[in-house]
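In what follows, chains are A, B, ... by sequence order, proteins preceding strands, each numbered from 1.
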2 protein chains.
Amino acid sequence: MNLKQLAQMLALSQTTVSRALNGYPEVNEETRRRVMDAAKRHGYRPNPSARRLATGKSGMIGYVLPTGAAVDIDPHFVEFLSGLGDYARSHELDLVLSPADADDQETTYRRIVANRQVDAVYISSPRPHDSRVALVSTLGIPFLVHGRSEGFDFDYPYLDIDNEGAFHEAARLLVQLGHRRLALINGDDRESFAIHRERGVRRALAASGLTLGERHVCSVVMTEENGYRATRRLLEEGDAPTAIACSSLIMALGVVRAVRDLGLTIPGDVSLIAHDDVFPWLKPENFSVPLSTTRSSIRLAGARVAERLAARISGLEEGARGEIWPVDLVIRGSVAGAPG
Amino acid sequence: MNLKQLAQMLALSQTTVSRALNGYPEVNEETRRRVMDAAKRHGYRPNPSARRLATGKSGMIGYVLPTGAAVDIDPHFVEFLSGLGDYARSHELDLVLSPADADDQETTYRRIVANRQVDAVYISSPRPHDSRVALVSTLGIPFLVHGRSEGFDFDYPYLDIDNEGAFHEAARLLVQLGHRRLALINGDDRESFAIHRERGVRRALAASGLTLGERHVCSVVMTEENGYRATRRLLEEGDAPTAIACSSLIMALGVVRAVRDLGLTIPGDVSLIAHDDVFPWLKPENFSVPLSTTRSSIRLAGARVAERLAARISGLEEGARGEIWPVDLVIRGSVAGAPG
DNA sequence: AGAGTCTTCCAAAGCGCTTTGGCTTTTTGG
DNA sequence: CCAAAAAGCCAAAGCGCTTTGGAAGACTCT
């Protein structure tokens, strides 16, 4: 059943039927009702390929997925996706993932924009001066950044959590508890979120005249193994920290294992606060010592990103609105006063 | 730059240019070269929307993503996706994720097929008599099942790992080591993979005249917490097992924690073998006691699925070819002879 | 040499929708 | 009551590609 047939059936022109269906004003309400009715009754659905060719709109949002033999997709992605799906489902919005060589995403961005494959894109894990932001911005496709980039002479729309504030609070708490030597086990410090977190920790320390030792901050890919290694190194060297802030629950698993391997305890010998993106399959309260966390649901962020993207596509949202979500600090058993 | 312009520029008809570009035989090789050359020089890329409307082919593969407030996307998905991306990237194949209400995926399947949004789909985590397999099969779109369904009177193409064989081997090893009471902490037993694994364990036990006690098999969503709970229950009741087979590394985290909480040790009091899908961020060799595993890279499976899907789209693969990958059994420190 | 066969190309008809420009008919305002 | 404006509808022209159905010329074969 296509438009032509439907129009014929109603003894109307395709023009009128199309307009009736798409809510244009120049059609009689009575006529519109008839059309809508017939459309529903016959299960008419406009052919998206055709509509697309005519309008250039695809009804899909895009994400360029960095891939490569040495590139692992972040497990956080799946939670984000759950959120995106939550919103998208109820709006018949599809997501198209365009895998790209992690070292050359530009080609892919250009392709999907030139081809008008998607109506909007989102960018995640941005870095300062992130070339994708500049690119997408000049290409003129609606977009939203999940996270924040920096160093541009223009604004852009984004959704971020207050990473700096979160880690500032976490570090401040630790300092209040008497800790003087903090360490930060962070994610890749070329990414903004990691930079912000480090900034937060430093600011909290500075407020008490303390500093983050150069060897007390590690920047690694967020795996259990790297959490373990970082912790061993930190605790085995002289000047070992008495408190650790950690950028992910997965790394925290490694931290806990390392502490135990060294015959130390949490929070007796070292206090630990980790960031929790709220995975359904790994919860901080279930760690052998319940983990204090800075908590922010990445799933909710996914839903919000989809919502804003949809709004931007339909022109309901405009301009460079930045949105920064506060982060909860949840105290559990893994923090205590500094030893000694 | 569109086809018309290119044709004009070459003083050829659109027909000929189109055919030259698409490798049709009825065009002079000399002409083809000219066309190809000009196309490249001017960076001509056929408009996919137009091509799509004309041919009905989209150049994308689809996946219906079950979502819902109470539905969590499996973290395995992201690794699978990495693999899919590995292949898709080099073939300019995009993946479209269509979020659907987990309880009504049929509508979405019908939509994406009716709309010809994608050229092929894959189905994952199938159950016996999985309605999606039947549906997609009647809808007549090329597809591939990652995993296996059962109970149909027709064959279908799939890629699966030898879950039964893997858990058979694992259980057999444990029995050989003298264990008489095994337990299985399994995933959702409505899914085929879980059924096959249980079958494997039972078969191994039966071979030695043993059985899997009804209370020794749990079927749960694969989270750390559920692994913990299941283990506590198993070990605190009478008739506690001396060996556990576990369907996921994530659950194994919970198993290990529970065993420790109870003051028991691995492998002293209980041996443990888990299935490892090969996550980059959580490795069995890094468990406090290195974990014995049945290992199969889900990432490789993702790449293979993409490859076969591409082959099916282009007609290189036909029929209902099933492909079953063997699974490695990797022995590490978490297994030992039965205590006592 | 004429019929038949290839080879190589083309004009034009879709694919199914949106949108432009215009034509009636009705309503409004003075 | 009439001109002007508004309402309601339509035919037809795209959007940019593929494919059908020839047609013209070159070649082969008897």
Side-chain angles (χ1 to χ4, degrees), chain A residues 1-36 38-39 42-60 92 111-119 313-315, chain B residues 1-36 38-39 42-60 92 111-119 313-315:
Chain A
M1 164 108 311
N2 59 20
L3 185 63
K4 194 169 177 180
Q5 292 165 18
L6 187 63
Q8 216 146 31
M9 180 162 300
L10 287 161
L12 285 171
S13 74
Q14 295 189 35
T15 310
T16 304
V17 176
S18 170
R19 286 188 160 146
L21 258 21
N22 293 320
Y24 280 66
E26 60 265 68
V27 36
N28 190 312
E29 272 312 318
E30 154 73 27
T31 310
R32 188 193 305 282
R33 235 191 318 278
R34 266 181 59 221
V35 172
M36 293 284 225
H42 294 83
Y44 168 74
R45 313 253 320 172
N47 177 321
S49 303
R51 159 174 287 177
R52 189 159 165 168
L53 177 59
T55 63
K57 299 265 160 197
S58 69
M60 313 205 272
E92 272 197 16
R111 170 170 66 84
I112 66 178
V113 169
N115 290 352
R116 298 175 155 279
Q117 296 210 124
V118 295
D119 296 340
I313 290 173
S314 59
Chain B
M1 163 109 309
N2 58 22
L3 186 62
K4 193 170 177 179
Q5 292 165 16
L6 187 64
Q8 216 146 31
M9 179 163 297
L10 286 161
L12 284 172
S13 73
Q14 295 190 37
T15 311
T16 304
V17 176
S18 170
R19 286 188 159 146
L21 258 21
N22 293 319
Y24 279 66
E26 60 265 68
V27 36
N28 192 312
E29 271 314 317
E30 155 75 26
T31 310
R32 187 193 305 280
R33 236 192 318 278
R34 266 180 61 219
V35 172
M36 293 285 226
H42 294 82
Y44 168 75
R45 313 251 322 170
N47 176 319
S49 303
R51 160 174 284 178
R52 189 158 162 169
L53 178 60
T55 63
K57 298 266 161 197
S58 68
M60 311 205 273
E92 272 197 18
R111 170 170 65 84
I112 65 178
V113 169
N115 290 352
R116 298 176 154 278
Q117 295 209 130
V118 296
D119 296 341
I313 290 173
S314 59

### Task
Return yes when atom CZ of B/Arg116 has more than 12 non-hydrogen atoms of other residues, nucleotides or ligands closer than 6.0 Å, and no otherwise.
no
### Message
Between B/Val35 and B/Thr16, is there a side-chain heavy-atom distance shorter than 4.5 Å?
### Response
no
### Query
Does the side chain of B/His42 reach to within under 4.5 Å of the side chain of B/Met9, using non-hydrogen atoms?
yes
Distance check: side-chain N/O of [X] vs OP1/OP2 of [N], anything under 4.0 Å?
| X | N | answer |
| --- | --- | --- |
| B/Ser18 | D/dT18 | yes |
| B/Thr31 | C/dC9 | yes |
| B/Asn22 | D/dT18 | yes |
| A/Ser13 | D/dA11 | no |

### Heavy-atom donor-acceptor pair, A/Thr15 side-chain to C/dT18 base, under 3.5 Å
no
Expressed as a whole number of angstroms, how long is the span from [X]:[atom1] to [N]:[atom2]?
| X | N | atom1 | atom2 | result |
| --- | --- | --- | --- | --- |
| B/Gln5 | D/dG14 | CD | C1' | 15 Å |
| B/Arg51 | D/dT19 | CZ | P | 9 Å |
| B/Asn2 | D/dC15 | CG | P | 8 Å |
| B/Glu26 | C/dT7 | CD | C1' | 10 Å |
| A/Arg19 | D/dG8 | CZ | P | 13 Å |
| A/Asn47 | D/dC15 | CG | C1' | 13 Å |
| B/Asn28 | D/dG25 | CG | P | 17 Å |
| B/Leu6 | D/dT18 | CG | C1' | 15 Å |

### Message
Has A/Arg34 got a side-chain atom pairing as donor or acceptor with A/Leu10's backbone, closer than 3.5 angstrom?
### Response
yes
### Query
When you measure from the side chain of B/Ala50, which nucleotide among D/dC10, C/dC10, D/dC17 comes out closest?
D/dC17
### Message
On DNA chain D, compare the nucleotides closest to B/Tyr24 and B/Leu53; which residue's is nearer the 5' end?
### Response
B/Leu53
## Note on the structure
Closest non-hydrogen contact found for A/Val27 with A/Arg32 is CG1-NH2, 3.4 Å
### Message
Quick check on DNA chain C: between B/Ala11 and A/Leu3, whose nearest nucleotide comes earlier from the 5' end?
### Response
B/Ala11
